[in-house]
Number of protein chains: 2
Amino acid sequence: MNQTKRKVKEQFHLFLSNKGLKGTLQRSLILDAFLDLDRSTHIDELYLILRGKHPNIGHATVYRALRLFASAGIAREINLGDGLTRYGVAGGRRHDYLVCNDCGTVTEFENGSIERYQAEVARSMGFTVQSLKIELRGVCNRCMAQAGRHS
Amino acid sequence: MNQTKRKVKEQFHLFLSNKGLKGTLQRSLILDAFLDLDRSTHIDELYLILRGKHPNIGHATVYRALRLFASAGIAREINLGDGLTRYGVAGGRRHDYLVCNDCGTVTEFENGSIERYQAEVARSMGFTVQSLKIELRGVCNRCMAQAGRHS
DNA sequence: CATACAATGACATTCACTTTCAAGCAGACA
DNA sequence: TGTCTGCTTGAAAGTGAATGTCATTGTATG
């Protein structure tokens, strides 16, 4: 277990005791799987990974755990409008997404200058900005390379 | 019936005959309601308006019609990740949204310079951009004014 | 320990949306 | 105009993601 992971787990335990909630085997397993994956994912992916090792883990528990991680500031909800709620590890405040239309991978990045400019445009329309999301869809370099190989 | 509306309806009839599809009373009613509304909306809003005049119109028919309008290039799907699919009239290629967290209104605008810059950033990450969506959430000036009045 | 009460998991439910299917209707062609 | 093909419709049933229910289990704390 690396340093970052240990720190996150500490943070989570602190959150639990502050709220009078309890640490359980399931939550620990789900948090491990989530952190080990180290990329944004949707719940069924985690669920399948976990079922491989622990067949008795429940669907609803994974949903509940991820929502809990989000409210603890460990995970960030990502909603790309495809009907699935994804979660990413909440380091920093990235809200710019590159979504590959081929493989579905979601890459996150942050670009402060665009956001500042965009927010200013909104203000000029009399709009008070609270949050911002930029979503770029296309083809990632990996899929592009594969497509090249086929032709 | 104004000029723009007539033009859109012509475009739709052309689309239908090209595809071997049929013009029906329902499709005409739904298209009228959609164009008359003149702002992005979700299906239930249209459905309720239509039910007022024509009680026999079906839920599924409205869904089907809007999908049809989208594939005819008349409507544009807007997916803001709140679980509702909205539709806007497809004039131009706007894909920047101001969503009011208070009243839920969706205002669309376009900002070419941001998009060009953003696409360039993506390319530098080896990503080929196909489409772009910018979503700003906050409070619109109307709601802001009302909030001011209360305090 | 013992006890209170949070958490779990199987199941049912919700919510937006889609599909099914029998009946109806549009449009082409004679 | 009549007929006939097959697209459309509407009610109801079905999907699929996510959440609620509830009896049972497990955990932290006294």
Side-chain angles (χ1 to χ4, degrees), chain A residues 9-10 12-34 40-48 50-72 75 77-87 104 106, chain B residues 9 12-31 33-34 40-48 50-72 75 77-87 104 106:
Chain A
K9 299 197 83 170
E10 269 174 32
F12 185 53
H13 278 110
L14 214 75
F15 172 84
L16 290 178
S17 48
N18 280 345
K19 297 266 181 182
L21 305 176
K22 290 172 183 176
T24 67
L25 176 62
Q26 288 89 337
R27 283 175 180 172
S28 181
L29 288 170
I30 296 168
L31 184 52
D32 280 341
F34 176 62
S40 61
T41 182
H42 59 281
I43 270 136
D44 273 346
E45 187 177 17
L46 278 180
Y47 180 63
L48 290 175
L50 289 160
R51 287 297 284 220
K53 303 171 191 168
H54 285 256
N56 292 3
I57 207 156
H59 196 94
T61 304
V62 184
Y63 274 97
R64 285 187 280 233
L66 270 286
R67 264 196 301 170
L68 192 65
F69 298 168
S71 70
E77 264 193 33
I78 305 172
N79 214 316
L80 264 21
D82 59 351
L84 297 180
T85 302
R86 292 159 185 281
Y87 288 89
V106 178
Chain B
K9 298 196 84 170
F12 184 52
H13 278 109
L14 215 74
F15 172 83
L16 290 178
S17 48
N18 279 346
K19 296 266 182 186
L21 304 175
K22 292 173 181 175
T24 67
L25 176 62
Q26 287 90 338
R27 281 171 183 175
S28 180
L29 289 170
I30 296 167
L31 185 52
F34 176 62
S40 61
T41 182
H42 60 281
I43 269 136
D44 274 344
E45 187 176 15
L46 279 180
Y47 180 64
L48 289 174
L50 289 160
R51 287 294 286 220
K53 303 171 193 170
H54 284 256
N56 293 1
I57 207 154
H59 194 95
T61 303
V62 184
Y63 274 98
R64 284 187 281 232
L66 269 288
R67 263 195 302 168
L68 192 65
F69 298 167
S71 69
E77 265 192 32
I78 304 173
N79 213 316
L80 263 23
D82 59 350
L84 297 181
T85 303
R86 291 158 186 282
Y87 287 89
V106 178

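Letters A, B, ... are given to chains in the order of the sequence lines, protein chains preceding strands, and every chain is numbered from 1. What you are looking at is a predicted structure, and each value in this text was computed from that prediction instead of being measured.
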Compare side-chain N and O positions of [X] against OP1 and OP2 of [N] and report whether any pair is under 4.0 Å apart.
X: Q26(B); N: dG10(D); result: yes
X: T61(A); N: dG9(C); result: yes
X: Y63(B); N: dC17(C); result: yes

Rounded distance in Å - [atom1] ([X]) to [atom2] ([N]):
X: H59(B); N: dG10(D); atom1: NE2; atom2: C1'; result: 12 Å
X: L16(A); N: dT8(C); atom1: CG; atom2: C1'; result: 15 Å
X: R27(A); N: dG9(C); atom1: CZ; atom2: C1'; result: 13 Å
X: Y47(B); N: dC17(C); atom1: OH; atom2: C1'; result: 13 Å
X: D44(A); N: dT15(D); atom1: CG; atom2: P; result: 17 Å
X: L50(A); N: dT8(C); atom1: CG; atom2: P; result: 12 Å
X: L29(A); N: dG9(C); atom1: CG; atom2: C1'; result: 15 Å
X: I43(A); N: dG16(D); atom1: CD1; atom2: P; result: 17 Å

Query raised in the report: What distance do R67(B) atom CZ and I43(B) atom CD1 have between them, rounded to the nearest 0.5 Å?
Result: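 So the gap between those two atoms works out to 9.0 Å.
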
**Report entry** Distance in Å, T61(B) OG1 paired with L66(B) CG, rounded so as to fall on 0.5 Å steps
**Finding:** 11.5 Å

Report task. Give the ring-plane orientation class for H59(B) versus Y63(B), where under 30° counts as parallel, over 60° as perpendicular and anything between as tilted. Result -> tilted

Query raised in the report: Per the atom types in the model, does the base of dT8(D) pair as donor or acceptor with the side chain of R67(B) at under 3.5 Å?
Result: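 It does not, because no donor-acceptor pair links the side chain of R67(B) to the base of dT8(D) below 3.5 Å.
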
Report task. Report yes if a donor N or O on one partner sits less than 3.5 Å from an acceptor N or O on the other, where the partners are the side chain of R64(A) and the base of dG9(C); otherwise report no. Result -> yes

**Report entry** Backbone N/O of I57(B) and side chain of R51(B): donor-acceptor pair under 3.5 Å
**Finding:** yes

Report summary line: 5'-most contact on DNA chain C (nearest-nucleotide basis), I30(A) vs H13(B), goes to I30(A)

**Report entry** First of S17(B) and R51(A) reached from the 5' end of DNA chain C, by closest nucleotide
**Finding:** R51(A)

**Report entry** Residue pair R27(B) / L21(B), side-chain heavy-atom distance below 4.5 Å
**Finding:**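 Yes, at least one pair of side-chain atoms sits under 4.5 Å.
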
Report task. Answer with base, sugar-phosphate or nothing: what part of the nucleic acid does L25(B) contact at a heavy-atom distance below 4.0 Å? Result -> nothing

Query raised in the report: With sugar-phosphate meaning primed atoms plus P, OP1 and OP2, does T85(B) contact a base, only sugar-phosphate, or nothing at under 4.0 Å between heavy atoms?
Result: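 Sugar-phosphate: the residue T85(B), judged by heavy atoms under 4.0 Å, touches backbone atoms but no base.
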
**Report entry** K22(A), nearest nucleotide to its side chain (from dA4(C), dT19(C), dT8(D))
**Finding:**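 Looking only at heavy atoms from C-beta outward on K22(A), the closest nucleotide is dA4(C).
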
Query raised in the report: Of the nucleotides dG9(C), dA10(C), dT9(D), which has the atom closest to the T24(B) side chain?
Result: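 Side chain of T24(B) sits closest to dT9(D).
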
Report task. Return the 5'-most residue of the pair L21(B), A60(B) with respect to DNA chain D, ranking by each residue's nearest nucleotide. Result -> L21(B)

